[in-house]
**Student:** 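Pasting a structure below so you can have a look.
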Amino acid sequence: MSVETLISQIQDYNPDAEMGLLERCYHFAQKAHEGQFRKSGEPYFTHCVKTAEELAALRLDTHTICAGLLHDVLEDTGVTREEMDVRFGWNITNMVEGVTKIGKYKFRGGQRQRQAETYRKLLLATAEDMRVILIKLADRMHNMETLQFLTDEKCQRIAKETLEIYAPIAHRLGIWRIMSRLEDLAFKHLFPTEYREIAELLDEKLVERQAYCQKMVARIREELEGQDIFADVRGRTKHIYSIYQKMQQKGTPFKDICDLVGLRILVKTDKDCYLALGALHHRWHYLPDRLRDWIGQPRKNGYMSLHTTIVDNGKPVEIQIRSYEMHKIAEDGIAAHWSYKEGAPNCKQGHSIFANYKQMLEDIQDTQEGAHQFVASMKLQLVEDEVYVFSPKGDLFALPTGSTAIDFAYKIHTDIGNTCCSAEINGAAAPLRQELQNGDRVHIRTHPNCKPSRGWLRYVKTSNACNKIKHWFREKERADAIKLGKKFLRAELRLTTLNASDYLNPTKLLDIAKQLQLQNVEELLVRIGRGYESATHVVNLLKPDTPEPQAVPPKTAPMPGIELENGIDLGMIRIMKCCNPIPGDEVIGYVTRGRGVSVHRSGCARILDVPERILTVKWPEKQNRNRPGIHPAQICVQCNDRPGMLGEITTVIAQCNVNIRSGTFQPAEVTRANNDAQDILTLDVTGTTQLTEVMQALRHLKDVQRVTRKF
């Protein structure tokens, strides 16, 4: 495209555009890329012009189109930012720099953390100036159209990045025209066999479908004109990737996809949309469960339309009804609300789309979990479908499909979510985990003593609710660790000649924290409470004129299955062999010098009577049924010493699905007790429940006199 043709395209919608600036940018980019060629053999500058052409098709402002022409200049030529600033101003230069920054974030396989960080930086960079992501989408559009000239490895990487990131962003911004093209092109390269199969199936009866479509267009136009509704009735095509998604997600065979033949009705006003819908439903039967009103409840990306599926001689036909303005928004999304004079959204709806996109990015940024959770959260946010529910006051809230009353509570306010105790849906009591449906009226009841449950994480749908719940538990565990750290320090100081009140003060503890390269006293107490720093080590540092020990006690991994008071986990924790506690036993914790917490059965003789070193510990309320922990437990079986007795004992134990770890067997001549023998066995059990079952089964054996558990 020549500069004159590009200028003519822009003047069609913006006669006052800065054509002199556009011309200077065109020729500057052309000269900067002179001698550079793409893998296809074309001059590199053709890519810059194609990007600008795509932006002009979206009717964007002149500065954005200029930045599209220049978008690769900083990255691929010797031009500097300073030179760009002088020639074209900071506005255009900032956009070019933003696109350059995004271009550096490459999607690569391998380590999830790096992949997640790439996603995070890429998405957050788009929030600084919405025009940056629009330029990037236009740039990616042309790159995808010429992808076949790259190596297979690079082709796969770019196609996957497009399908997982850029197409969903286009969807979130409502730019259906770009989204559908990106999806089909990416799908073609990632799944060539599936793409070809669907394309061939579409071609097989193309003539037949076109003939039927033309017939339905004529019949519907005649019906509407008879009702004095003047409309433009058109056939529409469904893009290949959306067909593939429907086949995969819903298990729908190709022959049963009812919207392969689709029609679109364009009218002048919102009122005409509903009149047209009534006329169709009067003339044809329709499928009630497929009726959607996206005019009364627009989607977050600004999409508005009525969807219905009528039945013509047993054949379902999907129809979209919208005004011309709605159609422009459906095709171009936020770009349909763009002011080509101001370079920004020009109405409340455009600002709302932009605000929703920025809120999504903020929710993603708040995700503090691992890379896998972040990527999952991001994908959910980008492509979510929506359900619309009402508060008791009638306020409308949009949530992802599958959201629960818990999601709704956190949508209203964090404090509402953290203290919610029950829900009413449409006036009836309902579980907090109940999924919400369109039109539900939801009332959340709260209580100051209520708090989140970890189980909620299995039910919530929104990343906002998930992040808030996890944040609550992180803060609670931190507070518990601080409390426990103080308790450990006090217990350790009581074993010395030091006065606890003299040494447990912020100034001295801050000095110790700095010696250990920690930010503050809280961080020090947290590390002690979680077992990552020894209380003995810290007390030694507090002692006057005492050299710091050279070796710090090694860190140990948390022992699974034991919780300290308030549910906090501790790194340095040991299950003691002197009494072998197992799940179901009443247990207590004992603080040992420099070795964390020892867990004993209550009544163990090795626990010293030092109250300040005693901690409350417990087993989790619910064990993992799929992977229960195995614990050693020792029993003593007294029985008659007769042939086959030991075999019967081991058979019964095996029938209880219990393994014998070790055993000692003392016959009558050793025990010196008439004809009595004694077997001491160490069994691998999941807890007291299983151990009791084994012991009861052994007691029912003939000639077994007594079965006891050794302490």
**Student:** Under the side chain to side chain contact (heavy atoms under 4.5 Å, CB included) rule, collect the residues that match up with Asn418, sequence neighbours excluded.
**Tutor:**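 Testing Asn418 for side chain to side chain contact (heavy atoms under 4.5 Å, CB included), a comparison that skips the adjacent residues, returns Tyr410, Thr414, Pro452, Trp472.
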**Student:** Give the C-alpha distance, both sets of side-chain angles, the deciding distance and a yes or no for side-chain contact (heavy atoms from CB on, under 4.5 Å) between Leu510 and Leu524.
**Tutor:** CA-CA 8 Å; Leu510 182 59; Leu524 174 63; over 6 Å; no
**Student:** Taking all heavy atoms of Ser391 and all of Phe397, pick out the closest pair and write down the distance.
**Tutor:**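 Nearest pair, atom of Ser391 first, then Phe397: CB-CE1, 3.8 Å.
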**Student:** Once side chain to side chain contact (heavy atoms under 4.5 Å, CB included) is applied, do any residues pair with Pro392, and if so which ones, sequence neighbours excluded?
**Tutor:**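 Only His443 meet the side chain to side chain contact (heavy atoms under 4.5 Å, CB included) criterion with Pro392.
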**Student:** What's the shortest heavy-atom distance between Met144 and Ala159, and which atoms?
**Tutor:**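 Nearest pair, atom of Met144 first, then Ala159: CE-CA, 4.3 Å.
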**Student:** Could you go through Ile169 and Ile175, starting from their C-alpha distance and side-chain angles, then the distance that decides it, and tell me whether this counts as side-chain contact (heavy atoms from CB on, under 4.5 Å)?
**Tutor:** CA-CA 9 Å; Ile169 287 177; Ile175 313 175; over 6 Å; no
**Student:** Please check this pair: side chain of Asp293 against backbone of Ile295, looking for a donor-acceptor N/O pair closer than 3.5 Å.
**Tutor:**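 Yes, because the side chain of Asp293 sits within donor-acceptor range (under 3.5 Å) of the backbone of Ile295.
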**Student:** Roughly how far apart are Arg478 CZ and Glu522 CD, rounded to 0.5 Å?
**Tutor:**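 So the gap between those two atoms works out to 5.0 Å.
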**Student:** Could you check if a side-chain atom of Tyr303 sits within less than 4.5 angstrom of a side-chain atom of Ile329, using non-hydrogen atoms only?
**Tutor:**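 They are not in contact (no side-chain heavy atoms under 4.5 Å apart), so the answer is no.
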**Student:** Please indicate whether Arg433 has more than 12 foreign heavy atoms, meaning atoms of other residues, nucleotides or ligands, lying under 6.0 Å from its CZ.
**Tutor:**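 Atom CZ in Arg433 is not packed in, count stays at 12 or less.
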**Student:** Determine the sole option in Cys420, Cys421, Ser422 for which the side-chain contact (heavy atoms from CB on, under 4.5 Å) test with Cys450 is passed.
**Tutor:**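 For Cys450, the side-chain contact (heavy atoms from CB on, under 4.5 Å) check succeeds only for Cys421.
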**Student:** How close do Pro316 and Thr309 get, heavy atom to heavy atom, and via which atoms?
**Tutor:**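 Nearest pair, atom of Pro316 first, then Thr309: CB-CG2, 3.8 Å.
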**Student:** Decide yes or no for Phe390 and Val442: does some side-chain heavy atom of the first lie under 4.5 Å from some side-chain heavy atom of the second?
**Tutor:**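 The answer is no, as the side chains (C-beta and beyond) never meet within the 4.5 Å cut-off.
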**Student:** With side chains defined as the heavy atoms from C-beta onward, is the minimum distance between Lys461 and Glu435 less than 4.5 Å?
**Tutor:**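 No. Closest side-chain heavy atoms not under 4.5 Å.
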**Student:** Measure from the side-chain N and O atoms of Asn467 to the backbone N and O of Asn464, and report whether any donor-acceptor pair falls under 3.5 Å.
**Tutor:**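 Checking the backbone N and O of Asn464 against the side chain of Asn467, no donor-acceptor pair under 3.5 Å is found.
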**Student:** For the NZ atom of Lys486 and the CG atom of Leu525, what is their distance to the nearest 0.5 Å?
**Tutor:**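 Separation between the atoms: 6.5 Å.
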**Student:** Decide, yes or no, whether a salt bridge links Lys411 with Asp407 under the criterion of side-chain N to carboxylate O below 4.0 Å.
**Tutor:**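 No, this pair does not count.
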**Student:** Whether the His307 and Glu318 side chains hold a donor-acceptor pair (N or O, under 3.5 Å, no angle test) is what I'd like checked.
**Tutor:**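 Note: His307 and Glu318 side chains miss the donor-acceptor criterion.
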**Student:** Check whether any side-chain N or O of Asn426 sits under 3.5 Å from a backbone N or O of Asp440 as a donor-acceptor pair, and report yes or no.
**Tutor:**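 A pair under 3.5 Å: no.
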**Student:** Distance check, rounded to the nearest 0.5 Å: Ile444 atom CD1 versus Leu432 atom CG?
**Tutor:**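 If I round to the nearest 0.5 Å, the distance is 6.0 Å.
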**Student:** Is a side-chain donor-acceptor pair under 3.5 Å present for Tyr241 with Arg181?
**Tutor:**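 Side chains of Arg181 and Tyr241: no pair found under 3.5 Å.
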**Student:** For Leu134 and Leu55, work out which heavy atoms get closest and say how close.
**Tutor:**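 Taking every non-hydrogen atom into account, O-CD2, 3.6 Å.
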**Student:** Dump the intermediate steps for side-chain contact (heavy atoms from CB on, under 4.5 Å) on Ser403 and Phe408, then the final yes or no.
**Tutor:** CA-CA 7 Å; Ser403 293; Phe408 178 77; over 6 Å; no
**Student:** Taking all non-hydrogen atoms of both residues, which atom of Pro168 and which atom of Leu163 are closest, and how far apart?
**Tutor:**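 Of all heavy-atom pairs spanning Pro168 and Leu163, the closest is CD-O, 3.3 Å.
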**Student:** Could you give me the CA-CA distance, side-chain angles and deciding distance for Thr64 and Ile135, then say whether side-chain contact (heavy atoms from CB on, under 4.5 Å) is met?
**Tutor:** CA-CA 7 Å; Thr64 304; Ile135 296 169; 3.8 Å; yes
**Student:** Considering only heavy atoms from C-beta outward, does the side chain of Lys160 approach that of Leu190 to under 4.5 Å?
**Tutor:**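 Yes. Closest side-chain heavy atoms under 4.5 Å.
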**Student:** Can you check whether Gln437 reaches Val389 side chain to side chain, under 4.5 Å on heavy atoms?
**Tutor:**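 Side-chain contact under 4.5 Å: no.
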**Student:** Show your reasoning for whether side chain to side chain donor-acceptor pair (under 3.5 Å) applies to Thr162 and Arg140.
**Tutor:** CA-CA 8 Å; Thr162 299; Arg140 181 53 59 105; 2.9 Å; yes
**Student:** Side-chain donor-acceptor pair under 3.5 Å between Thr419 and His447, yes or no?
**Tutor:**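 The criterion, which ignores hydrogens and geometry beyond distance, is not satisfied for His447 and Thr419.
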**Student:** Rounded to the nearest 0.5 Å, how far apart are CG of Leu516 and CZ of Arg527?
**Tutor:**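 Atom-to-atom, Leu516:CG and Arg527:CZ are 8.0 Å apart.
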**Student:** Nearest heavy-atom pair of Leu137 and Leu182: which atoms, and what distance?
**Tutor:**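 It is CD2-CD1, 4.3 Å.
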**Student:** Hey, what do you get for NE2 (His171) to CE (Met179), rounding to the nearest 0.5 Å?
**Tutor:**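 Answer rounded to 0.5 Å: 6.0 Å.
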**Student:** Just how far is it from atom CG of Leu306 to atom CG of Leu277, taken to the nearest 0.5 Å?
**Tutor:**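 Here the rounded value is 5.5 Å.
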**Student:** Between Arg441 and Glu424, is any pair of side-chain heavy atoms under 4.5 Å apart?
**Tutor:**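 No; the side chains remain at least 4.5 Å from each other.
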**Student:** Can you check whether His239's main-chain N or O pairs, donor with acceptor, with Ser180's side chain at less than 3.5 Å?
**Tutor:**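 Checking the backbone N and O of His239 against the side chain of Ser180, no donor-acceptor pair under 3.5 Å is found.
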**Student:** Look at Asp480 together with Lys483 and state whether they make a salt bridge at an N to O cut-off of under 4.0 Å.
**Tutor:**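 Salt bridge flag = no for Lys483 with Asp480.
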**Student:** Measuring only between side-chain heavy atoms, which start at C-beta, is Gln434 closer than 4.5 Å to Ile425?
**Tutor:**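 Result yes, sub-4.5 Å side-chain heavy-atom pair found.
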**Student:** Angle class for the Phe191/Phe187 ring planes (parallel below 30°, perpendicular above 60°, tilted otherwise)?
**Tutor:**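 Rings of Phe191 and Phe187: tilted, as their planes differ by 30° to 60°.
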**Student:** Can you tell if the side chain of Glu54 reaches within under 4.5 Å of the side chain of Arg177, non-hydrogen atoms only?
**Tutor:**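 They are in contact (side-chain heavy atoms under 4.5 Å apart), so the answer is yes.
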**Student:** Among all residues two or more places apart in sequence or in another chain, which pass the side chain to side chain contact (heavy atoms under 4.5 Å, CB included) test with Asn91?
**Tutor:**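 Partners of Asn91 under the side chain to side chain contact (heavy atoms under 4.5 Å, CB included) test: His63, Met95, Arg131.
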**Student:** Using the ring of each side chain (for Trp, its six-membered ring), is His281 parallel, tilted or perpendicular to Tyr286, with breaks at 30° and 60°?
**Tutor:**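 Rings of His281 and Tyr286: parallel, as their planes differ by under 30°.
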